[in-house]
Amino acid sequence: MAITAAQINELRKATGAGMLDCKKALEEVGGDMEQAVDYLRKKGLAAASKKAGRAATEGMVAAAVTANGNAGVLVEINSETDFVAKNDKFQDFVKQVADHVLQKTPANIEELMAQPFVGDASKTVQTLLNEAIAVIGENMQIRRFVSFSADGGAVGSYIHAGGKIGVLVEASCDNAAVCSGEAFATVLKDVAMHTAAASPQFLCREDVSADVLEREKEIYRAKARETGKPDNIIEKIIGGQVNKFYGDICLLEQVYVKDTDKTVQQYIDASAKQLGCSITLKRFAKFVLGEGLEKKESDFAAEVAAAAGLK
């Protein structure tokens with residue numbers, strides 16, 4: 001099949017590989033983007049951690065947590081420019097929406113937009129958004145949100161760089177007094193800060209699907225076979241690489257950024273011992289502003305086409 005400049009552009013952004021390497025990879029796999037990524041990784045031309053799509057839209061990620069810490073939300077609201085994102089009116093609007101989601105716990109964006117606004121029941125959240133757009137003078141979008149409610153635990157949050165990254169975490173605890181205390185909140189914030197910095201994809205290795213794991217193993221096998229080692233040695237090598245893979249993508253197995261002598265799980269265990277309780281991290285969510293969305297890049301497609309010899 002004919003490979004387009006747009007496909008090459010997308011693969012280049014996803015992998016960091018050169019344009020001609022991307023063109024060849026797509027030709028080898030018939031244009032399948034996922035297989036092309038694997039092809040480049042097997043050739044050592046792509047970084048496993050790079051993903052398609054760049055954060056390109058402006059706006060803000062914000063969090064809201066109840067006073068007792070038993071519930072929290074994370075929201076992303078986009079604007080057209082960073083200038084507006086820094087505007088007090090825009091930031092007040094984001095806070096109003098986050099507080100509304102925290103109180104009304106809508107199931108999805110559609111339900112959220114139709115709900116009467118908690119600050120003024122005479123208008124819906126959609127009306128509130130329309131009014132904000134009229135006042136601020138720029139298009140805005142309530143893009144996504146997530147809500148956590150802790151039963152026998154607490155929720156913590158962390159917002160980085162004025163709203164460029166937001167994280168929400170939930171942990172259970174067998175001591176109600178500890179759960180509502182400042183020390184427990186600090187542990188949750190530390191884990192949220194780590195998550196913002198380290199970008200885990202899963203909570204623990206049990207959450208990694210068999211398909212994801214097998215795909216990774218096949219990449220390791222392809223690289224190991226090039227060494228000429230026998231299959232039994234290759235499988236032992238793969239075992240070590242899989243453990244490293246878990247350590248890279250699973251939050252609890254990652255090296256804790258504030259104490260590199262510990263994993264995140266070991267930090268949680270040490271904190272639990274110090275607080276005199278048991279702590280179990282239940283889940284996390286991370287929003288990166290504009291993740292998966294892109295601004296227009298003037299003439300870049302033409303440059304890709306020219307470099308790849310495409311029209």
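Remember, predicted model here, so these are calculated numbers, not experimental data.
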Stepwise side-chain contact (heavy atoms from CB on, under 4.5 Å) test for Phe145 and Val73
CA-CA 7 Å; Phe145 67 87; Val73 301; 5.9 Å; no

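- Follow the hydrophobic side-chain contacts under 4.5 Å out from Val257 and you never reach Val255; the two are in separate clusters.
- The two residues Gly290 and Glu76 have their closest heavy-atom pair at N-OE2, 2.9 Å.
- A distance of 9.0 Å separates CD of Gln266 from CG of Asp259, quoted to the nearest 0.5 Å.
- Separation of atoms CD1 (Ile249) and OG (Ser199) is listed at 12.5 Å; rounding is to 0.5 Å.
- Here Lys42 does not pair with Asp38 in a salt bridge; the nearest charged N to carboxylate O distance is not below 4.0 Å.
- With a 4.5 Å cut-off on side-chain heavy atoms, Leu188 and Val155 do not count as touching.
- Ile136 places none of its side-chain heavy atoms less than 4.5 Å from the side chain of Glu80.
- For CG of Asp151, the number of neighbouring non-hydrogen atoms (other residues, nucleotides, ligands) closer than 6.0 Å is 12 at most.
- To the nearest 0.5 Å, the span separating NZ on Lys236 from CD1 on Ile234 amounts to 12.5 Å.
- No side-chain donor-acceptor contact under 3.5 Å links Gln103 and Asp99.
- By the 6.0 Å contact criterion, CD on Glu182 is open, its count of non-hydrogen atoms from other residues, nucleotides or ligands being 12 or less.
- In this pair, His100 and Phe117 present their aromatic rings parallel. The plane angle is below 30°, not in the 30 to 60° band.
- With hydrogens and angles disregarded, no donor-acceptor distance shorter than 3.5 Å links the side chain of Ser147 to the backbone of Thr105.
- The existence of a salt bridge linking Glu170 and Lys282 is excluded, since no basic side-chain nitrogen approaches an acidic carboxylate oxygen closer than 4.0 Å.
- Residues Tyr158 and Val169 form no side-chain contact, since every pair of their non-hydrogen atoms from C-beta on lies 4.5 Å or further apart.
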Using the side-chain contact (heavy atoms from CB on, under 4.5 Å) rule, take Val242 and Glu216 through it: C-alpha gap first, then chi angles, then the decisive distance, then the call.
CA-CA 8 Å; Val242 165; Glu216 205 66 22; over 6 Å; no

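- Clustering ILVMFWY residues whenever any of their side-chain heavy atoms sit less than 4.5 angstrom apart, transitively, puts Val61 in a cluster other than the one holding Met193.
- To the nearest 0.5 Å, the span separating CD on Gln265 from CG on Leu203 amounts to 8.5 Å.
- When side chains are defined from C-beta on, His194 counts as touching Leu251, because their heavy atoms get closer than 4.5 Å.
- Salt bridge present: Lys86 and Asp82 bring a charged side-chain N and a carboxylate O closer than 4.0 Å.
- Tracing side-chain contacts under 4.5 Å through hydrophobic residues (I, L, V, M, F, W, Y), one never reaches Leu102 starting from Val65; they form parts of separate clusters.
- A salt bridge links Lys164 and Glu58; the closest N-O separation between the charged side-chain nitrogens and carboxylate oxygens is under 4.0 Å.
- Inspection of the Gln35 and Tyr39 side chains reveals no N or O donor paired with an N or O acceptor under 3.5 Å.
- Residues Phe148 and Leu168 approach most closely at CE1-O, 3.6 Å, considering heavy atoms.
- Using a 4.5 Å cut-off between side-chain heavy atoms of Ile, Leu, Val, Met, Phe, Trp and Tyr, with links allowed through other members, Val135 and Phe90 fall into different hydrophobic clusters.
- Separating the CD atom in Gln274 from the CD1 atom in Ile279 is a distance of 9.5 Å, to the nearest 0.5 Å.
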Go through Ile233 and Thr227 one step at a time and tell me if the side-chain contact (heavy atoms from CB on, under 4.5 Å) criterion holds.
CA-CA 11 Å; Ile233 300 299; Thr227 67; over 6 Å; no

Checking side-chain contact (heavy atoms from CB on, under 4.5 Å) for the pair Cys204/Asp207: CA distance, chi angles, key distance, verdict?
CA-CA 6 Å; Cys204 59; Asp207 292 340; 3.7 Å; yes

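- The closest side-chain heavy-atom distance from Cys250 to Val208 is below 4.5 Å.
- Between Val187 and Tyr267, some side-chain heavy-atom pair lies under the 4.5 Å cut-off.
- The two residues Thr81 and Glu138 come nearest to each other via the heavy atoms N-OE2, 2.6 Å.
- Ion pairing of Arg225 with Glu218 is present here, as a side-chain N (NZ or NE/NH1/NH2) and a carboxylate O approach within less than 4.0 Å.
- In this model, no donor atom of one side chain and acceptor atom of the other lie less than 3.5 Å apart for Gln96 and Asp92.
- Under the 4.5 Å side-chain contact rule for hydrophobic residues, Val101 and Met140 share a cluster.
- The CD atom of Glu110 sits 11.5 Å away from the CD atom of Gln115 when rounded to the nearest 0.5 Å.
- Residues Glu28 and Lys24 are not paired through a salt bridge, judged by the lack of any N-O separation under 4.0 Å between the basic side chain and the carboxylate.
- For Glu34, the CD atom is loosely surrounded, since the number of other residues' heavy atoms within 6.0 Å does not exceed 12.
- Side-chain contact between Asn175 and Leu275 is absent, with no heavy atoms from C-beta onward closer than 4.5 Å.
- Of the possible polar contacts, one joining the Asp174 side chain to the Ser278 backbone as a donor-acceptor pair under 3.5 Å is found.
- The two residues Val94 and Val75 come nearest to each other via the heavy atoms CG1-CG2, 4.4 Å.
- Inter-residue side-chain proximity for Ile3 and Ile8 is flagged as met; some heavy-atom pair is nearer than 4.5 Å.
- Minimum heavy-atom separation, Asp120 to Ser122: OD1-OG, 2.6 Å.
- In terms of heavy atoms, Phe184 sits closest to Val178 at CB-O, 3.1 Å.
- Of the possible donor and acceptor atoms, one in the side chain of Gln254 sits under 3.5 Å from a partner among the backbone N and O of Asp248.
- Counted by atom type alone, Ser209 and Asp211 present zero donor-acceptor pairs between their side chains at under 3.5 Å.
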